[in-house]
There are 2 protein chains.
Amino acid sequence: MNQRQVVAGDKSSDGGGRPGKNGDGAERHEAIYQSISDAIIEHRLKPGARLREDALAEVFGISRTGIRKILQRLALEQLVTLTPRRGASVTRPTADEAKDVFDARQMVECGLMPEVARRITAEDAQSLREMAVREREALRAGEQSAAIKLSAAFHGRLAWISGNATLAAFVERLCSRSSLILAVYGNAGHLGCESHDHDDLVGYLVSGNGERALAFMSRHLKAIEASLSIHAEEDEAPDLFEIFSG
Amino acid sequence: MNQRQVVAGDKSSDGGGRPGKNGDGAERHEAIYQSISDAIIEHRLKPGARLREDALAEVFGISRTGIRKILQRLALEQLVTLTPRRGASVTRPTADEAKDVFDARQMVECGLMPEVARRITAEDAQSLREMAVREREALRAGEQSAAIKLSAAFHGRLAWISGNATLAAFVERLCSRSSLILAVYGNAGHLGCESHDHDDLVGYLVSGNGERALAFMSRHLKAIEASLSIHAEEDEAPDLFEIFSG
DNA sequence: GCAGCGGAAAGCGTATACAATGAGTGGCAT
DNA sequence: ATGCCACTCATTGTATACGCTTTCCGCTGC
């Protein structure tokens with residue numbers, strides 16, 4: 001493999017690697033952030049995977065400074081964990097965190113449904129249905145990675161329709177973390193969201209039936225959570241007394 | 001004023017400013033973060049105030065690198081705004097953002113009340129009452145800064161009792177942003193929260209009456225929001241046609 | 001043979017230096 | 001006299017250099 005750099009516009013093409021020559025430094029960073037974020041959400045980087053600064057810096061063709069900035073952002077969104085002198089690794093959510101995240105989704109996503117039902121437009125519905133279709137196709141084609149990302153994107157898009165940017169951004173973060181939770185506690189085989197559900201949900205929303213949508217979302221999320229196999233902390237600080245006193 | 005550095009343990013005391021000598025770099029950063037965050041929440045730094053990296057670096061006795069890290073964290077919490085080549089400034093919330101934040105608080109804080117009522121212990125109640133007392137004292141003494149911070153801290157602490165760390169952290173951030181909103185849209189004279197309210201709320205909670213607490217919290221938040229004078233966007237991109245065509 | 005210790009290497013934390021960009025000001029031309 | 005342009009200053013963005021901590025591996029002693 002010859003090409004070591006990943007994101008378009010690598011600096012080795014600007015004639016000698018002059019430091020700050022690129023006109024679009026900010027967009028570049030954003031693209032790299034998306035790259036890493038996507039890789040985590042799609043489970044191409046698994047929980048616990050170490051993310052060395054040097055390696056990332058080399059792969060993306062920027063210096064460690066930029067990588068550190070991105071890593072910090074990911075840490076604040078709790079997609080990566082930053083341990084003081086050990087560097088960054090993909091977060092491995094605990095069982096407690098998983099419960100908190102799904103409780104939070106239950107509260108916020110369900111609470112948003114009435115407003116979404118009130119505000120949803122025909123274009124919104126169309127866009128959502130297309131996402132549901134693509135998700136189903138990905139699932140049928142065995143592309144779990146794509147399906148997971150599309151599912152999170154569906155929930156995120158839904159939240160944005162409410163018009164409340166603060167809550168929508170929060171839901172997006174919760175969905176990202178949910179992807180991580182699925183990676184740790186999900187059973188291979190069946191994915192969290194049944195894409196059939198997503199289609200039905202859009203149906204309730206366009207008919208303006210907020211209460212019905214709320215109840216459906218609630219069941220939908222409960223179903224996802226129930227599909228997890230949460231075997232509490234099987235290797236994190238194993239309880240030796242428990243194990244050997246039996 | 002001779003002493004230019006603020007946080008304890010300034011590096012000029014270690015004999016010449018050797019770079020990484022300090023043993024507790026992380027705690028130092030945390031302290032600086034708290035310093036700036038508090039200054040913003042207490043309105044000692046007003047919305048729109050510019051935060052130059054050099055100045056902060058000199059004040060706190062660390063280099064710009066560390067300041068940038070802290071500024072980024074504050075930016076992700078939306079307490080400061082980072083404009084690409086212009087540096088950092090204290091965020092000036094728009095009217096829309098204010099509405100979003102209070103809607104979000106309405107949903108999350110109210111939604112948390114039943115669980116809080118179920119879990120609250122005697123010590124929790126005691127601690128909350130003490131905070132309410134201190135807040136009232138600060139208010140009576142005319143120390144608006146302290147009162148504002150205590151009020152935000154009260155709401156944050158309340159949320160943590162629910163046991164859901166994710167939602168509690170979210171509420172804390174919403175409260176921080178609320179402080180900012182009060183700074184812009186609040187009327188001088190009467191502060192957002194009537195401290196009397198906080199005492200009453202604790203009463204409902206310890207009696208296990210979650211529904212009552214929920215309703216009270218809802219009214220409480222509505223009262224705060226109603227006390228704002230949201231004159232939508234009076235200088236941000238003024239509509240010249242509107243103004244001069246009359 | 002195993003455990004404890006010492007050295008070397010790898011990787012993170014911080015500071016500093018340099019380059020680029022944006023804003024403000026002064027001069028020049030019309 | 002006024003409007004436009006160029007220059008300079010101030011400030012951020014990025015990279016790199018250096019020190020410190022941690023970890024891993026080999027060695028020695030028991």
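Residue numbers begin at 1 in each chain, while the letters A, B, ... track the order of the sequences.
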Measuring from atom CZ of B/Phe102 to atom CD of B/Glu97, what distance do you get when rounded to the nearest 0.5 angstrom?
13.0 Å
In this structure, how many angstroms lie between the P atom of C/dG13 and the CD atom of A/Gln72, rounded?
9 Å
Choose from C/dG22, C/dA15, C/dA17 the nucleotide whose nearest atom is closest to any side-chain atom of B/Ile62.
C/dA15
Among the candidates C/dA15, C/dG13, D/dT14, find the nucleotide nearest to the side-chain atoms of B/Thr65.
C/dA15
Side chains of B/Thr166 and A/Phe170 in contact at under 4.5 Å (non-hydrogen atoms):
yes
Test item: side-chain donor near acceptor, A/Thr121 and A/Asp124, under 3.5 Å:
yes
What's the NZ-C1' distance between A/Lys69 and D/dT12, to the nearest Å?
10 Å
Near DNA chain C, counting only heavy atoms under 4.0 Å, which residues of residues 73-82 of chain A show up?
none
As a test of reading the structure: which of C/dT14, D/dT14, D/dT22 is closest to the side chain of A/Arg86, going by heavy atoms?
D/dT22
Residue set satisfying side-chain contact (heavy atoms from CB on, under 4.5 Å) with B/Ala55, at least two apart, ordered chain then number -> B/Arg52
Can you tell me how far P of D/dG13 sits from CG of B/Leu71, to the nearest Å?
10 Å
With a 4.0 Å cut-off on heavy atoms, is B/Arg68 in touch with a base, just the backbone sugar-phosphate, or nothing at all?
base
Whole-Å distance separating the CD1 atom of A/Ile67 from the P atom of D/dT16:
13 Å
Going by atom types alone, do B/Arg119 and B/Ser162 pair a side-chain donor with an acceptor below 3.5 Å?
no
Side chain to side chain contact (heavy atoms under 4.5 Å, CB included) assessment of A/Val184 paired with A/Leu180
CA-CA 7 Å; A/Val184 177; A/Leu180 229 41; 5.9 Å; no
Residue pairs fulfilling salt bridge (Lys or Arg N to Asp or Glu O under 4.0 Å) with at least one residue in residues 162-185 of chain A, sequence neighbours excluded
none
At less than 4.0 Å, is any side-chain N or O atom of B/His29 found next to OP1 or OP2 of C/dT14? Yes or no.
yes
So, taking the atom named OH in B/Tyr185 and the one named CD1 in B/Ile230, what distance separates them when rounded to the nearest 0.5 Å?
6.5 Å
For the residue pair A/Gln72 and A/Leu82, establish whether any side-chain heavy-atom pair is separated by less than 4.5 Å.
yes
Identify, residue by residue, the members of residues 46-55 of chain B with a heavy atom below 4.0 Å from DNA chain C, and return them in order of residue number, or none.
none
Could you give the angle between the helix axes at the two ends of the helix from C/dG1-D/dC30 to C/dT30-D/dA1, with five pairs per end, rounded to 10 degrees?
10°
Residue pairs passing the salt bridge (Lys or Arg N to Asp or Glu O under 4.0 Å) test where at least one lies in residues 149-168 of chain B, sequence neighbours excluded:
B/Asp38-B/Lys149, B/Glu42-B/Lys149
Distance alone, cut at 3.5 Å: any donor-acceptor contact between the side chains of A/His43 and A/Gln144?
no
Take the protein atom CZ of A/Arg28 and the nucleotide atom P of D/dG13, then report the distance between them rounded to whole Å.
16 Å
Just the rounded figure in Å: distance from P of D/dC18 to CZ of A/Arg64.
14 Å
